[in-house]
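Step one of this worksheet: look at the structure below.
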Amino acid sequence: MIAPAPAVRTLRVFQILWVVGFLVGTTTHTADLILGGLDVYGGFPPGVRLFWVTLTVLDPITAVLIVLRRRSGIVLGIAVIVADIAVNWTVFVLLGGLSWFGVVNQSLFAVLIVVTARPLWIWFGQSSTREGAEPARVA
């Protein structure tokens, strides 16, 4: 039995949620850098600090690729969120210094990413015009 494909409106909502989520990350890390300077995450190990600073670039790149409906944005978004929650939960459990609210909300965003990745992948891959193309059926 073939499951009905999500409507374009639903797919656009998924797309917007991805973009908003990665822009929240962009804003958070940019604000941290502006307020804290290059030593912003000074109380954490160097690898963790470098990773968090790198997200200042990776998060907006992901958002732009998702706006442009590029499958590479889906791949990058999944990689970024999986790495980010792995790092943040490890830091939260072993070192502390991160809020429960932050790691839980980020994990919920990761669930959204995983659940919506396949329908977006199909929609982004359609060869017809990118604007408003009807999604293919999901098998």
Side-chain angles (χ1 to χ4, degrees):
M1 177 181 215
I2 296 176
V8 171
R9 176 178 284 166
T10 302
L11 294 166
R12 287 199 192 285
V13 169
F14 294 165
Q15 181 184 30
I16 289 166
L17 290 172
W18 277 56
V19 170
V20 168
F22 284 104
L23 290 180
V24 166
T26 300
T27 303
T28 301
H29 292 288
T30 301
D32 287 349
L33 282 170
I34 290 169
L35 297 174
L38 293 178
D39 197 38
V40 63
Y41 306 116
F44 296 96
V48 171
R49 294 169 57 193
L50 177 62
F51 176 73
W52 285 336
V53 170
T54 302
L55 290 176
T56 309
V57 175
L58 294 177
D59 284 348
I61 289 172
T62 302
V64 168
L65 291 170
I66 296 300
V67 166
L68 296 175
R69 290 181 52 192
R70 300 294 182 242
R71 284 180 165 178
S72 56
I74 295 170
V75 173
L76 182 59
I78 291 169
V80 165
I81 197 64
V82 167
D84 203 7
I85 63 172
V87 168
N88 289 353
W89 273 104
T90 301
V91 168
F92 179 78
V93 170
L94 298 179
L95 303 173
L98 299 180
S99 74
W100 174 256
F101 178 81
V103 293
V104 168
N105 280 325
Q106 188 178 49
S107 297
L108 292 173
F109 179 61
V111 170
L112 171 84
I113 294 296
V114 170
V115 167
T116 61
R118 184 166 188 248
L120 286 177
W121 183 270
I122 293 166
W123 185 43
F124 287 9
Q126 292 175 348
S127 60
S128 60
T129 61
R130 292 221 177 257
E131 273 307 309
E134 283 298 317
R137 292 191 168 267
V138 178

### Message
Between R71 and W121 (side chain of the first, backbone of the second, donor and acceptor by atom type, cut-off under 3.5 Å), is there such a pair?
### Response
yes
### Task
Would you indicate whether the side-chain heavy atoms of L98 and W89 approach each other to under 4.5 Å?
no
### Task
Identify the two heavy atoms, one from I81 and one from A110, that lie closest to each other, and give their separation to 0.1 Å.
CG1-CB, 3.6 Å
#### Entry: Steps toward side chain to side chain contact (heavy atoms under 4.5 Å, CB included) verdict (I74, I66)
CA-CA 7 Å; I74 295 170; I66 296 300; 4.0 Å; yes
#### Entry: L65 to G73 - nearest heavy-atom pair and separation
CB-CA, 3.5 Å
#### Entry: I78 side chain reached by I113 side chain, heavy atoms, under 4.5 Å
yes
### Task
Let me know which of L108, T116, V114 forms a side chain to side chain contact (heavy atoms under 4.5 Å, CB included) with L112.
T116
### Distance flag, aromatic centroids of Y41 and F51, threshold under 6.0 Å
no
### Query
Going by distance alone, is a donor N or O of one side chain under 3.5 Å from an acceptor N or O of the other, for D32 and W52?
no
### Task
Apply side chain to side chain contact (heavy atoms under 4.5 Å, CB included) to V48 and V87, showing your working.
CA-CA 7 Å; V48 171; V87 168; 4.2 Å; yes
### Task
Enter the distance from F22:CZ to L17:CG here, rounded to the nearest 0.5 Å.
11.5 Å
### Task
Kindly say whether V80 contributes a backbone atom to a donor-acceptor pair with the side chain of D84 at under 3.5 angstrom?
no
### Query
Can F44 be reached from L50 by stepping across I, L, V, M, F, W or Y side chains whose heavy atoms are under 4.5 Å apart?
no
#### Entry: ILVMFWY network linking F101 to V103, side-chain heavy atoms under 4.5 angstrom
no
### Closest non-hydrogen atom pair, L58 against L76
O-CD2, 4.2 Å
### Message
Please report whether the ring centroid of F14 lies less than 6.0 Å from that of W123.
### Response
no
### Query
Hey, does L35 have a side-chain heavy atom less than 4.5 Å from the side chain of V40?
no
### Query
Taking the side chain from R12 and the backbone from T10, do they hold a donor-acceptor pair closer than 3.5 Å?
no
### Query
Is the distance between the ring centroids of W18 and F109 under 6.0 Å?
no
### Query
CD1/I61 to CZ/R70 distance, rounded to the nearest 0.5 angstrom?
15.0 Å
### Task
Could you go through the side chain to side chain contact (heavy atoms under 4.5 Å, CB included) check for V53 and H29 one step at a time?
CA-CA 7 Å; V53 170; H29 292 288; over 6 Å; no
### Message
Would you say that V91 contacts P45 through its side chain, given a criterion of any heavy-atom pair below 4.5 Å between the two side chains?
### Response
no
### Query
For the residue pair V19 and A63, what are the closest heavy atoms and their distance?
CG2-O, 3.8 Å
### Donor-acceptor under 3.5 Å (Q15 side chain, L120 main chain)
no
